[in-house]
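Here is the structure we will look at.
Because only heavy atoms are used, hydrogens play no part in the values below, and waters and symmetry mates are left out as well, while side chains stay in. Note on naming: letters A, B, ... go to the chains in the order of the sequence lines (proteins, then strands), and numbering restarts at 1 for each one. Quick caveat: nothing in here was measured; it's all calculated off a predicted structure.
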Protein chains: 2
Amino acid sequence: MTQLEPAGAAETTAAETKLGRKRDHTRDPEILAAALEVLAETGFDGMTIDMVATRAKAGKATLYRRWPSKNELVIDAVACMKQGDLDQASLPDTGTLRGDFVAMIKPRSIEDGEKKMQIMAGLMSMLSATPEMADAANNAIVKPRAAANRFLMQRAIDRGEISPECDIDTLCLVTPSMAAYRTLIERKPVDRDFLITLIDGVLLPALGLRGDTAPAGRGKVAPPAS
Amino acid sequence: MTQLEPAGAAETTAAETKLGRKRDHTRDPEILAAALEVLAETGFDGMTIDMVATRAKAGKATLYRRWPSKNELVIDAVACMKQGDLDQASLPDTGTLRGDFVAMIKPRSIEDGEKKMQIMAGLMSMLSATPEMADAANNAIVKPRAAANRFLMQRAIDRGEISPECDIDTLCLVTPSMAAYRTLIERKPVDRDFLITLIDGVLLPALGLRGDTAPAGRGKVAPPAS
DNA sequence: AAGATCCGGAACTCCACAGTATCGTATAGA
DNA sequence: TCTATACGATACTGTGGAGTTCCGGATCTT
């Protein structure tokens, strides 16, 4: 991508020899965060470099000293996006799969997801034209959540709660996909009720847990719905 | 939306009295079709009125005589989008739910779906800013397919194949949502294998049909995976 | 201290596109 | 035939944003 000066008689690396004030790299994260905010609010095409610079209290020239173009700035911003608390270590472990899924529903997590979806919507228009952007978005937004779901389900397989025949690679994408549709196209909130509906109406039944013909008790959430 | 001349002393409707060459309304569908093509290829922001006019072999002024702005042209194009063959009358009826789902996988249908997804991607950037566009896209692209799925599942309930407790209102959105994710973000093809995986790995298990612990035979598609 | 480079800020160039106006031509009604 | 309008084509205007350049001031190295 960036081949560095193959020139002949440079003393060291020519990058070592630089004089003057050093670039303040502590500002990079602030600028990238500002870019993500504007991106979520206006979308990629509505977003201007001036907006980002103003929001970050920086000069437009400063941004262009660090990123060669708007495209690269946005790709970097998405790629450097910090995950929520989706590390395996911080995932819940309640003993049952349903308990784990429900424990993942936290206001913090919902809010985080909504913002990520706004960012995804803003990026959507350029995903077709810029595959590297599609990869960055997928890696930063969807994959971590899918991996968390897969981890919980694999653990349920390991302890014998669900069958190892289950297609968890497909099922771990159900929640992210349907939450995206609900946010981006239906424009309805991805709230606790919706997520519980997904867990009890799709995920657990597909894994062979409850949901099947519901013997008697109040095991179901939704009423017969006229 | 369009209030017509409340003027006082018009002979008839004043729209009747018009002289000269009449507008050729047979061209409207061609222009809207051209708009959809360009939209799918370049996205809303990359699309220019000139592109649409050129593609439709029409003058730019002609487009502006019929639609007041680019926004309204696109909204109209999406709203007037013709459905594929998703009428209840033309849906398959094989006697089993799996048979019906599989019978809906046709090259024609897949191709149609891919194009609609491209259109959806192109619209995504303006969905937040223009709710009426979000509704138009939802009604034209996703809802018909969800309705077809719901119809097939309701029929399976009626004939006793699956339990009436199943949350078919949620489940009918699984395929459209996950196909959208696969096309738009993962950029993988929504082919027959993928759709079969959804049917056998998510939908049917969630409805209480097969998929559960697979007694013995080679009922599963994927091997145990290392 | 001196020179080099960074900073935020603002003015600037350049270009693409939405929307308008004008042209010669084609087609409708009177 | 005459007039009014729609047509495709092309030229034009206005605006907005990407990317560049310049400035005075700050910060680093030597």
(request) Indicate for each nucleotide in nucleotides 22-30 of chain C, in 5' to 3' sequence, whether protein heavy atoms under 4.0 Å reach the base (B), only the sugar-phosphate (S), or nothing (-). (result) ----BBBS-

(request) Tell me which residues in residues 39-59 of chain A put a heavy atom below 4.0 Å from DNA chain C, sorted by number, or none. (result) A/K57, A/A58, A/G59

(request) Starting at CZ of B/F101, measure out to OG1 of B/T175 and round the result to the nearest 0.5 Å. (result) 6.5 Å

(request) In sequence, state the C-alpha distance, the side-chain angles, and the governing distance for B/D200 and B/R98, and then conclude on salt bridge (charged side-chain N to carboxylate O under 4.0 Å, His left out). (result) CA-CA 8 Å; B/D200 289 331; B/R98 184 176 194 281; 2.7 Å; yes

(request) Return each pair, listed once, that meets side-chain hydrogen bond (donor to acceptor under 3.5 Å, both in side chains) where at least one residue sits in residues 25-49 of chain B; pairs must be two or more places apart or across chains. (result) B/D24-B/T26, B/H25-B/D28, B/R27-B/E30, B/D28-B/R66, B/E37-B/R55, B/E41-B/R55, B/D45-B/S125

(message) For B/K106, is there an ion pair with B/D85 - N to carboxylate O distance below 4.0 angstrom?
(response) yes

(message) If I take atom OH in residue B/Y64 and atom P in nucleotide D/dA9, what distance separates them, rounded to the nearest angstrom?
(response) 17 Å

(message) Can you tell whether the side chains of A/R155 and A/D93 come within less than 4.0 Å, N to carboxylate O?
(response) yes

(request) To the nearest Å, give me how far apart NE2 (B/H25) and P (D/dT5) are. (result) 15 Å

(message) Can you tell me whether the side chain of A/K60 and the base of C/dG8 have a donor-acceptor pair closer than 3.5 Å?
(response) no

(message) Distance check needed: C/dG19 C1' versus B/N71 CG, whole Å only.
(response) 13 Å

(message) Nearest whole Å is fine: how far is C/dT20 P from B/W67 CH2?
(response) 16 Å

(request) Determine whether A/K116 and A/M120 make a side-chain contact, defined as any pair of heavy atoms from C-beta on separated by less than 4.5 Å. (result) no

